[in-house]
Amino acid sequence: MLRYGLIFGGIGGVFIGAAMLIGFTLLAQQGSAGSQLIGYLTMLVGLSMVFVAIKRYRDEEKGGVIKFLPAFWLGVQVSIVAGIIYVAAWEVIFASNGDAWMSDYLEAQIAMREANGASEAELAAFVEESQAMAALYSNWWFRIPLTFTEILPVGLLVSLISAAILRNPKVLPKRAV
């Protein structure tokens, strides 16, 4: 089972990491709702490997039948491997432009709040809060777990849904060759 988690988690993680690297080099928009939507959709597409891994494991190793908990555990393994690769890709991006990314992100957030009519006091409070967060974010021990929590909930949700669907052997049954 671990082999399936490593293989399919690796495929999903490389897809997500590559999409993130390409997105950051091609797209200059920081912090927009559109880029977040694209990011989470990319995660969802990459984490579709959870479904593929469970289906393949069920068909090849379990004779077309799998229980919910083993299927869910395999999905969690795939999600963890993909998450580790996602974090590694983010660390590469962050190392390549570090503080520039954080300052661009904060400028975009401030501009968005100004456009929404935030008062000077609200903006000053936001800037102060953001600077404290930026100081924390510059430390790897804070940044890495925070980055991992971006993808893990998506992976757990995909794992739950995939395990619930694929525990039924009548869904996408194993083909006789």
Side-chain angles (χ1 to χ4, degrees), residues 5-6 8-53 72 74-164:
L6 291 172
F8 290 98
I11 293 168
V14 166
F15 173 80
I16 297 165
M20 185 170 53
L21 287 169
I22 291 167
F24 267 90
T25 55
L26 296 180
L27 302 175
Q29 292 182 351
Q30 297 291 334
S32 69
S35 66
Q36 290 176 3
L37 178 64
I38 290 170
Y40 279 104
L41 285 175
T42 302
M43 284 182 202
L44 197 56
V45 170
L47 288 169
S48 68
M49 288 293 109
V50 168
F51 189 89
V52 174
F72 177 68
L74 177 55
V76 169
Q77 290 175 10
V78 172
S79 300
I80 288 171
V81 172
I84 289 169
I85 295 170
Y86 172 78
V87 169
W90 174 246
E91 285 299 305
V92 167
I93 291 168
F94 191 78
S96 68
N97 62 14
D99 291 336
W101 176 84
M102 183 57 79
S103 62
D104 291 347
Y105 177 77
L106 292 178
E107 286 176 20
Q109 292 297 314
I110 291 168
M112 186 172 59
R113 281 172 173 68
E114 285 176 344
N116 289 337
S119 69
E120 287 296 321
E122 290 172 336
L123 285 174
F126 175 75
V127 168
E128 183 180 327
E129 189 178 299
S130 297
Q131 288 172 343
M133 179 67 171
L136 275 175
Y137 199 79
S138 67
N139 296 312
W140 66 268
W141 52 265
F142 180 80
R143 184 177 57 251
I144 287 175
L146 185 65
T147 305
F148 194 70
T149 62
E150 293 172 5
I151 191 169
L152 189 61
V154 179
L156 293 176
L157 183 61
V158 171
S159 298
L160 277 170
I161 293 169
S162 298

Next on the checklist: So Phe8 and Val81, do their side chains get closer than 4.5 Å, heavy atoms only?
Outcome noted: no

Next on the checklist: Restricting to non-hydrogen atoms, name the atom on Phe15 and the atom on Val45 that form the minimum distance, rounded to 0.1 Å.
Outcome noted: CE2-CG1, 3.6 Å

Checklist entry - Can you find a heavy atom in the side chain of Tyr137 that is under 4.5 Å from one in the side chain of Thr147? => result yes

Checklist entry - Once you round to the nearest 0.5 Å, how far does CD of Glu114 lie from CG of Asn116? => result 10.5 Å

Checklist entry - To the nearest 0.5 Å, what is the distance between CG (Leu41) and CG (Leu37)? => result 4.5 Å

Checklist entry - Can you list every pair that meets salt bridge (charged side-chain N to carboxylate O under 4.0 Å, His left out) and has a residue in residues 125-142, with sequence neighbours left out? => result none

Checklist outcome for this item: To the nearest 0.5 Å, atom CG of Leu123 lies from atom CD of Gln109 at 11.5 Å

Next on the checklist: If I compare all heavy atoms of Ala89 with all of Gly17, which pair ends up nearest, and what's the gap?
Outcome noted: CB-CA, 3.7 Å

Checklist entry - Are Ile151 and Leu47 close enough that some pair of their side-chain heavy atoms sits under 4.5 Å apart? => result yes

Item to check | For Met102 against Ala134, the heavy-atom pair lying closest together | outcome: CG-CB, 3.7 Å

Checklist outcome for this item: Rounded to the nearest 0.5 angstrom, the CG-CH2 distance for Leu136 and Trp141 is 5.5 Å

Item to check | Heavy-atom side-chain proximity of Leu157 to Ile161 below 4.5 angstrom | outcome: yes

Checklist entry - Are any side-chain N or O atoms of Ser162 and backbone N or O atoms of Ser159, one a donor and one an acceptor, separated by less than 3.5 Å? => result no

Checklist entry - Considering all heavy atoms of both residues, which atom of Ile93 and which atom of Met20 are nearest to each other, and what is their separation? => result CD1-CG, 3.7 Å

Checklist entry - Heavy-atom distance under 4.5 Å between the side chains of Ser79 and Val50, does that happen here? => result yes

Next on the checklist: Evaluate Phe126 against Ile110 for side-chain contact (heavy atoms from CB on, under 4.5 Å), listing each step before the verdict.
Outcome noted: CA-CA 8 Å; Phe126 175 75; Ile110 291 168; 3.7 Å; yes

Checklist entry - Side chains of Val76 and Phe72: does their closest heavy-atom pair fall under 4.5 Å? => result yes

Checklist entry - Atom OH in Tyr86, atom CD in Glu150: separation rounded to 0.5 Å? => result 3.5 Å

Item to check | side-chain hydrogen bond (donor to acceptor under 3.5 Å, both in side chains) involving Glu91 - partner list, sequence neighbours excluded | outcome: Arg143

Item to check | Nearest heavy-atom neighbours spanning Ala19 and Thr42 | outcome: CB-CG2, 3.3 Å

Item to check | Working for side-chain contact (heavy atoms from CB on, under 4.5 Å), residues Ile144 and Trp90 | outcome: CA-CA 9 Å; Ile144 287 175; Trp90 174 246; over 6 Å; no

